[in-house]
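Every chain is numbered from 1 and lettered A, B, ... according to where its sequence line falls, protein lines coming before strand lines.
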Amino acid sequence: MESSAASVVTADGADAESRKPQPSRFKGVVPQPNGRWGAQIYEKHRRVWLGTFNLEEQAALAYATAALRFRGRDAAANLRPPPPAADEHEFNFLNSHTKSEIVDMLRKHTYADELHYSRRTISTTDPTLDNNSPSIAATPAAPEHLFEKSVTPSDVGKLNRLVIPKQFAEKHFPLQIGGAGDAIKGVLLSFEDRSGKVWRFRYSYWNSSHSYVLTKGWNRFVKEKNLQAGDTVSFRRSGKRLYIDWKARRRSGPPVRTVRLFGVDILETAAVHGGGCGGKRVIGEMNGVGFGCGKKA
DNA sequence: ATGTGTGTTGAC
DNA sequence: TCAACACACATG
């Protein structure tokens with residue numbers, strides 16, 4: 001359907017993959033050659049790259065979040081259109097992390113999840129590391145809950161990995177860091193599921209993305225349980241035994257979460273049913289727990 | 001092969 | 001401080 005003579009007759013830029021990027025109406029948002037959107041913020045004459053995003057609004061939200069952390073509440077509130085109001089907890093969350101960490105989350109699209117988890121973890125005195133419970137060793141009784149995660153599209157997608165939020169990874173699944181800092185050897189973790197089946201996952205740290213991940217073996221779990229985005233996986237421990245469980249998201253009824261970016265509602269999960277796990281493209285994914293621990297200056 | 005995000009420049 | 005533009009370099 002190309003116009004015969006005139007090249008691109010986009011009166012309003014209706015073509016999605018036009019070679020010619022259109023400037024964004026959002027501050028800090030720059031078009032990418034492939035039709036996606038980048039976000040960037042400046043600090044001390046230096047550009048800080050905030051990542052690339054499918055949707056312009058996502059990039060805008062990333063910038064707004066960064067602005068909140070870098071420049072404070074007022075600066076962020078003065079954006080047009082005004083970004084979704086951040087509550088007290090979010091301010092807390094932002095200020096309890098370094099700029100670098102926030103940028104890491106934004107670039108990896110994990111900010112929303114990290115914030116989400118932090119809400120559930122408010123001053124939760126985790127008993128796992130507390131005291132030396134003498135009875136555990138001899139009492140296989142009830143495994144204690146470690147943490148759970150609502151899996152993201154990426155977690156059940158082709159990447160074949162589950163990102164473990166940093167706070168949980170470091171608290172419950174400590175890894176040995178290579179002496180040089182580069183070589184971090186992964187470990188093999190075994191988990192028992194509801195039916196008694198044992199699953200072995202390779203657990204390691206991805207330096208490139210600053211993420212703790214379950215890799216090898218994870219995709220088999222996803223397939224067997226037919227895990228879909230929005231479903232929940234939970235981890236328990238009893239002594240040295242590890243357990244994994246999962247729970248499907250409610251099929252009917254309200255979605256797990258609707259992320260509203262400015263005027264745009266974005267569903268975090270695609271309603272895929274029928275056993276297919278091949279989601280094509282998930283729009284607006286502000287998910288993907290992960291977390292960066294890249295704390296630099 | 002594709003896409004990221006850095007280098008760079010010139011406006012505001 | 002900011003974004004437009006080009007493309008070196010990651011990434012798969």
[X] [atom1] to [N] [atom2]: how many Å, rounded?
X: Tyr63(A); N: dT1(C); atom1: OH; atom2: P; result: 10 Å
X: Asn34(A); N: dA1(B); atom1: CG; atom2: C1'; result: 13 Å
X: Trp37(A); N: dG3(B); atom1: CH2; atom2: P; result: 16 Å
X: Tyr42(A); N: dT8(B); atom1: OH; atom2: P; result: 13 Å
X: Phe70(A); N: dC2(C); atom1: CZ; atom2: C1'; result: 15 Å
X: Leu50(A); N: dA3(C); atom1: CG; atom2: C1'; result: 14 Å
X: Arg46(A); N: dT1(C); atom1: CZ; atom2: P; result: 12 Å
X: Ile41(A); N: dC2(C); atom1: CD1; atom2: P; result: 7 Å

Check your understanding: Salt bridge between Glu56(A) and Arg25(A), side-chain N to carboxylate O under 4.0 Å?
Key ->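 So Glu56(A) pairs with Arg25(A) through a salt bridge.
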Measuring from the side chain of [X] (C-beta onward, heavy atoms only), which nucleotide among [options] has the closest atom?
X: Arg71(A); options: dC2(C), dG3(B), dG5(B); value: dC2(C)
X: Trp49(A); options: dG5(B), dG3(B), dA3(C); value: dG5(B)
X: Gln40(A); options: dA3(C), dG3(B), dC7(C); value: dA3(C)
X: Arg47(A); options: dT8(B), dC2(C), dT1(C); value: dT8(B)

Report yes or no: do [X] and [Y] form a side-chain donor-acceptor pair below 3.5 Å?
X: Ser190(A); Y: Arg200(A); value: yes
X: Asp231(A); Y: Trp246(A); value: no
X: Glu170(A); Y: Tyr205(A); value: no

Can you tell me if the side-chain N/O atoms of [X] get under 4.0 Å from OP1 or OP2 in [N]?
X: Thr52(A); N: dG5(B); result: yes
X: Lys27(A); N: dA3(C); result: no
X: Arg107(A); N: dG5(B); result: yes

Review point. Going only through I, L, V, M, F, W and Y residues with side-chain contacts under 4.5 Å, is there a path from Val30(A) to Val103(A)?
Key: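 In one cluster with Val30(A): Val103(A), no.
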Review point. Want to settle it: does Leu159(A) or Val30(A) sit nearer the 5' end of DNA chain C, counting the closest nucleotide to each?
Key: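 Final value for this comparison: Val30(A).
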Review point. Can you find an N or O donor on one side and an acceptor on the other, under 3.5 Å apart, linking the side chain of Gln32(A) with the base of dG5(B)?
Key: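 Indeed, a donor on one side and an acceptor on the other fall under 3.5 Å apart.
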